[in-house]
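Below: one structure, written as structure tokens.
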2 protein chains.
Amino acid sequence: MRFEIDPRSPRSPGEQLQDQVTFAVASGRLLPGAKLPSVRGLAAQALVNPNTVARAYRELEHAGVVESRPGDGVYVAARGDSRCAALSGKLVRERLGRAVDEALAAGLGEAELQEIVDRAVRRSSKEREVNA
Amino acid sequence: MRFEIDPRSPRSPGEQLQDQVTFAVASGRLLPGAKLPSVRGLAAQALVNPNTVARAYRELEHAGVVESRPGDGVYVAARGDSRCAALSGKLVRERLGRAVDEALAAGLGEAELQEIVDRAVRRSSKEREVNA
DNA sequence: GGCACTGTCCTATCGTGCTGGTACGGGGGT
DNA sequence: ACCCCCGTACCAGCACGATAGGACAGTGCC
């Protein structure tokens with residue numbers, strides 16, 4: 001499981017980390033019981049401060065997505081997957097909705113919009129293949 | 001032309017304002033030569049600080065989208081529309097792409113994604129009718 | 001027991017974006 | 001000429017997220 005931060009995103013690094021874990025759990029790429037990278041390890045990998053990772057993990061624990069076992073590691077919570085499903089669905093719907101609103105406000109027609117979405121889907125699934 | 005700020009958006013008020021003007025110009029809702037709301041007026045309407053609006057206008061002027069005539073007002077620049085077309089197209093593509101990536105990462109299938117987009121389009125065009 | 005690794009906590013500091021307030025100079029209608 | 005509204009500029013201050021560094025306690029392995 002790789003995590004990475006897009007510095008050009010308007011979302012803060014901590015939020016991006018949180019989102020990525022949530023989505024990975026919701027999609028089943030991270031199963032309940034799986035061990036997440038260590039705070040320090042993930043910080044080094046994602047080039048952020050360990051404190052930022054720790055805060056993200058703490059938020060996730062508060063949301064019931066993960067469980068942290070001090071001295072051992074952070075694990076996906078037992079029912080974290082179902083908890084994430086609703087959560088990530090809501091997030092995704094909200095953000096996709098916003099992006100579509102923007103696109104229409106910018107004068108794009110439905111056809112062009114459809115084409116952009118298709119293209120993004122194809123690009124994204126191609127990347128998924130490569131990483132498989 | 002109404003502008004409003006969504007405080008729940010991850011984007012800063014200034015950026016939201018900037019985007020909205022850009023999209024309005026790109027879509028032809030604001031034509032070259034049209035007068036934009038005054039710094040103070042828009043600030044009062046959108047519940048932000050006049051300084052924030054002034055900065056957004058300055059950025060837009062730097063991008064060649066608007067022209068400011070001190071003592072008079074801020075106007076859409078002569079070739080602002082064409083300048084915006086490319087700009088907003090790029091922005092929209094980027095953000096829609098990100099949202100689609102997220103949705104797929106969250107485990108949504110293409111069919112569900114399609115359904116969400118359709119729903120957002122319909123909701124959005126319904127709002128457009130109401131405001132027409 | 002000792003060691004390496006884990007998560008946790010705390011404080012100080014920086015950068016950035018927004019706020020609040022004030023002041024200046026120009027345009028345009030009266 | 002006057003006054004009102006306009007954009008512009010500048011400043012101090014605040015909030016927030018991220019950074020940096022250090023210290024602590026628990027777990028697991030040897």
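Below, chains carry the letters A, B, ... as their sequence lines are ordered, and counting in each starts from 1.
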Problem - Side chain to side chain, B:Arg98 and A:Asp6, heavy atoms closer than 4.5 Å - result: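 Contact flag for B:Arg98/A:Asp6 side chains = yes.
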
Exercise for the section: Would you mind telling me which residue lines up with the more 5' stretch of DNA chain D, B:Arg58 or B:Gly41, judged by nearest nucleotide? Expected result: B:Gly41

Problem - Any donor-acceptor N/O pair under 3.5 Å between D:dG21 base and A:Asn51 side chain - result: yes

Can you give me the N/O atom pairs linking the protein to nucleotides 16-18 of chain D at distances under 3.5 Å, or say none if there are none?
residue: D:dA18; atom: OP1; partner: A:Ser12; partner atom: OG; Å: 2.7
residue: D:dA18; atom: OP1; partner: A:Pro13; partner atom: N; Å: 3.0
residue: D:dA18; atom: OP1; partner: A:Gly14; partner atom: N; Å: 3.1
residue: D:dA18; atom: OP2; partner: A:Arg55; partner atom: NH1; Å: 3.2

Apply salt bridge (Lys or Arg N to Asp or Glu O under 4.0 Å) to [X] and list each qualifying residue two or more places apart in sequence or on a separate chain.
X: A:Glu59; value: none
X: A:Arg69; value: A:Glu67, A:Asp72
X: B:Arg8; value: none

Handout entry: Axial bend angle, the helix from C:dG1-D:dC30 to C:dT30-D:dA1: five-pair end segments, nearest 10°
Key = 20°

Handout entry: More than 12 heavy atoms from other groups under 6.0 Å of CD on B:Glu94
Key = yes

Problem - Positional range of nucleotides in DNA chain C within the contact set of chain A, heavy-atom, under 4.0 Å - result: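 Counting from the 5' end, contacts occupy C:dT6 to C:dC10.
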
Practice task
Indicate whether any N or O donor in one side chain lies under 3.5 Å from an N or O acceptor in the other, for A:Gln114 and B:Gln114.
Solution key: yes

Problem - A:Gln18 side chain vs A:Leu60 backbone, donor-acceptor pair below 3.5 Å - result: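 Flag not set: sc A:Gln18 to bb A:Leu60 has no pair under 3.5 Å.
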
Exercise for the section: Test A:Asp101 against every option in B:Arg119, B:Arg95, B:Arg123 by the salt bridge (Lys or Arg N to Asp or Glu O under 4.0 Å) rule and name the one that passes. Expected result: B:Arg123

Report the residues that fulfil side chain to side chain contact (heavy atoms under 4.5 Å, CB included) with [X], sequence neighbours left out, ordered by chain and then residue number.
X: A:Pro70; value: A:Ser68
X: B:Ala56; value: B:Leu17
X: A:Glu110; value: B:Val121

Practice task
May I have all residue pairs that pass side-chain hydrogen bond (donor to acceptor under 3.5 Å, both in side chains) and include part of residues 32-52 of chain B, sequence neighbours excluded?
Solution key: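 For residues 32-52 of chain B: none.
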
Exercise for the section: Please name all residues satisfying side chain to side chain donor-acceptor pair (under 3.5 Å) with A:Arg11, sequence neighbours left out, ordered by chain then number. Expected result: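 Only A:Asp19 meet the side chain to side chain donor-acceptor pair (under 3.5 Å) criterion with A:Arg11.
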
Exercise for the section: Take atom CG of A:Leu47 and atom P of D:dA20, then tell me their distance rounded to the nearest Å. Expected result: 11 Å

Practice task
For A:Glu61, report the nucleic acid contact type (base, sugar-phosphate, nothing); a contact means any heavy atom under 4.0 Å.
Solution key: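 Here A:Glu61 touches the backbone only, sparing every base.
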
Filtered N/O pairs between nucleotides 24-26 of chain D and protein, under 3.5 Å:
residue: D:dG26; atom: N2; partner: A:Gly71; partner atom: O; Å: 3.2

Problem - Short side-chain N/O contact to D:dC6 OP1/OP2 from B:Ser38, under 4.0 Å - result: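 For D:dC6, OP1/OP2 do have a side-chain N/O of B:Ser38 under 4.0 Å.
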
